[in-house]
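Chain A is the first sequence line, chain B the second, and so forth, proteins listed ahead of strands; every chain is numbered from 1.
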There are 2 protein chains.
Amino acid sequence: MPGSKLDEIDRMILAELQADGRMTNVELAKRVGISAPPCLRRVRTLEEQGYIRGYHADVDSRELGFEVQVFAMVGLHKQAEADLSAFEERCRNWPLVRECHMLNGEVDFILKCVAPDLRSFQSFLTGELLTADNVAHVKTSLVIRCAKDEPGVPFDVLEERLARDA
Amino acid sequence: MPGSKLDEIDRMILAELQADGRMTNVELAKRVGISAPPCLRRVRTLEEQGYIRGYHADVDSRELGFEVQVFAMVGLHKQAEADLSAFEERCRNWPLVRECHMLNGEVDFILKCVAPDLRSFQSFLTGELLTADNVAHVKTSLVIRCAKDEPGVPFDVLEERLARDA
DNA sequence: AAAGTTGCGCAATTTCATTTCTCATTCGCA
DNA sequence: TGCGAATGAGAAATGAAATTGCGCAACTTT
């Protein structure tokens, strides 16, 4: 069933695959201490139950010519659900917007954007984002450098917490 | 050599592996239209040259009990390089901080944090972040919901751009 | 305590990854 | 124009991994 609890081995599997998504199943099985077939069954189950959403290569966007990363804080005029959804849908259709999170507080959304250069970002900003319907104000901040970028779950914190609650 | 330009096939490989990092090499080769051995060689080369930084399972942190996501805007008192680096190093050692980006403008850093619940985030905020050396002010925003989360490169934009420049 | 359920490991089969060779194309250079 | 050398593709072979089927043991449930 969806929601059935994970045991120690499942969490180890998730941690290993988060760290290296292309690990072979036999290597994974060795690391978590069971044989390959049950290990593969567990992985499939974790995928079906949604614990694993997918696997992705981590591609260096700067190497590919996307030199610019920007965080954009967006405020809307109206915040009825229909307005919020409409803006989210627009974000999903803007390829330069890679993330769109709705926030509490004065700012309604934060967007993480990429662009080949400052010029094309400005073009997107003035031509698309600022002129989009219902957008009240946008404050942008250029990313100077990135000190840490590890999307995912801090499994060490999770284990601590489980140990404490036990 | 590092820096040698990518051709059409290389970009297709990157796009495919970004979309599905566990694709088998034969499937990948079929999709990009070459045979398996040269395809594997290209993948290895892309890895060595740093175009591919790694592969990761996309694990659902909410399913694992991390209910809370927060963006934290951090300002420091002093911004000499040593001060900036020191703060970055601290971020790398905080497991709840998953991303740390240095920004231009009034805010010095933006952090993306996760936590099991609000209480443990508040505890981190007051006990660690706010009391850390050189931290002047922190403004936090809770993530209400996430409309888009697709880290990586918009390959459609890349291809457009290459077609235009050609 | 018997029956059902769950999950493991072993063994066999299919599929894939990886290496090795050979061949075609391209480019520099005489 | 023609001769290597280099680059990169495909074909075949080999070894490793993924996947399936099955039996067994432990734990629940009744």
Side-chain angles (χ1 to χ4, degrees), chain A residues 1-60 63-65 155 158-159 162-163 165-166, chain B residues 1-60 63-65 155 158-159 162-163 165-166:
Chain A
M1 329 288 220
S4 57
K5 273 293 178 265
L6 303 180
D7 63 10
E8 173 79 24
I9 292 180
D10 290 318
R11 290 192 300 273
M12 281 196 281
I13 288 175
L14 291 173
E16 292 290 344
L17 286 179
Q18 178 174 279
D20 178 4
R22 272 198 88 110
M23 188 180 297
T24 66
N25 183 57
V26 300
E27 174 65 20
L28 179 60
K30 195 187 310 174
R31 293 200 186 190
V32 304
I34 60 178
S35 66
C39 183
L40 187 61
R41 281 193 292 265
R42 280 168 179 265
V43 171
R44 295 280 177 264
T45 304
L46 291 168
E47 290 168 356
E48 284 163 17
Q49 294 187 157
Y51 290 101
I52 299 176
R53 276 194 287 252
Y55 304 87
H56 304 282
D58 177 12
V59 177
D60 190 323
E63 287 290 320
L64 269 137
F155 280 96
L158 179 58
E159 294 301 334
L162 291 172
D165 293 356
Chain B
M1 333 288 211
S4 57
K5 274 296 180 257
L6 304 180
D7 64 11
E8 172 78 26
I9 293 180
D10 290 318
R11 290 192 300 272
M12 281 197 278
I13 288 175
L14 292 173
E16 293 289 343
L17 288 180
Q18 178 173 280
D20 177 5
R22 273 199 88 109
M23 188 180 297
T24 66
N25 183 58
V26 300
E27 173 66 20
L28 179 61
K30 195 187 311 174
R31 294 200 186 191
V32 305
I34 60 177
S35 67
C39 183
L40 187 63
R41 279 194 295 263
R42 280 166 181 265
V43 171
R44 295 281 177 265
T45 303
L46 290 169
E47 289 168 355
E48 283 163 17
Q49 294 185 342
Y51 290 101
I52 298 177
R53 286 203 214 94
Y55 302 88
H56 304 283
D58 176 12
V59 177
D60 189 323
E63 287 290 321
L64 270 146
F155 280 96
L158 180 58
E159 293 303 332
L162 291 172
D165 292 359

In this structure, how many angstroms lie between the [atom2] atom of [N] and the [atom1] atom of [X], rounded?
| X | N | atom1 | atom2 | answer |
| --- | --- | --- | --- | --- |
| B:Ile13 | D:dG8 | CD1 | P | 12 Å |
| B:Glu47 | C:dA17 | CD | C1' | 13 Å |
| B:Ile9 | D:dG10 | CD1 | P | 8 Å |
| B:Arg42 | D:dG10 | CZ | C1' | 13 Å |
| B:Glu27 | C:dT15 | CD | C1' | 13 Å |
| B:Asp7 | D:dT7 | CG | P | 15 Å |
| A:Lys30 | C:dG9 | NZ | P | 15 Å |

Hey, can you pull the residues of residues 18-25 of chain A with a non-hydrogen atom under 4.0 angstrom from DNA chain D?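 The answer is A:Thr24, A:Asn25.
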With each end axis built from five pairs of C1' atoms, what bend angle do you get for the helix from C:dA1-D:dT30 to C:dA30-D:dT1? Round to 10°.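 Computed from the C1' atoms at both ends, the axes differ by 30°.
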Just to verify, which of B:Arg44, B:Arg41, B:Arg42 counts as forming a salt bridge (charged side-chain N to carboxylate O under 4.0 Å, His left out) with B:Asp10?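 Among B:Arg44, B:Arg41, B:Arg42, the one meeting salt bridge (charged side-chain N to carboxylate O under 4.0 Å, His left out) with B:Asp10 is B:Arg42.
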Can you check whether A:Met23's main-chain N or O pairs, donor with acceptor, with B:Arg22's side chain at less than 3.5 Å?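 A pair under 3.5 Å: yes.
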Not counting sequence neighbours, list each pair that qualifies as a side-chain hydrogen bond (donor to acceptor under 3.5 Å, both in side chains) and has a residue in residues 25-40 of chain A.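 Of all non-adjacent pairs touching residues 25-40 of chain A, those that pass side-chain hydrogen bond (donor to acceptor under 3.5 Å, both in side chains) are A:Glu16-A:Arg31, A:Glu27-A:Arg31.
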Among all residues two or more places apart in sequence or in another chain, which pass the side-chain contact (heavy atoms from CB on, under 4.5 Å) test with A:Glu159?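 Applying side-chain contact (heavy atoms from CB on, under 4.5 Å) to A:Glu159 gives A:Glu8, A:Arg11, A:Leu162.
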side-chain contact (heavy atoms from CB on, under 4.5 Å) with A:Asp58: which residues, sequence neighbours excluded?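 Here the qualifying residues are B:Arg53, B:His56.
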Closest approach of A:Cys39 to A:Val32 (non-hydrogen atoms, all atoms of both residues):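 Closest approach of A:Cys39 to A:Val32: SG-CG2, 4.4 Å.
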Does anything in residues 32-40 of chain A reach DNA chain C, meaning a heavy atom under 4.0 Å, and if so which residues?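 Close to the strand are A:Ile34, A:Ser35, A:Pro37, A:Pro38.
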Could you grab the distance from atom CG of B:Leu17 to atom CG of B:Leu46, nearest 0.5 Å is fine?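 Output value for this atom pair is 8.5 Å.
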Any N or O donor-acceptor pair under 3.5 Å from the base of D:dA9 to the side chain of B:Arg41?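 Yes, the side chain and the base share a sub-3.5 Å donor-acceptor pair.
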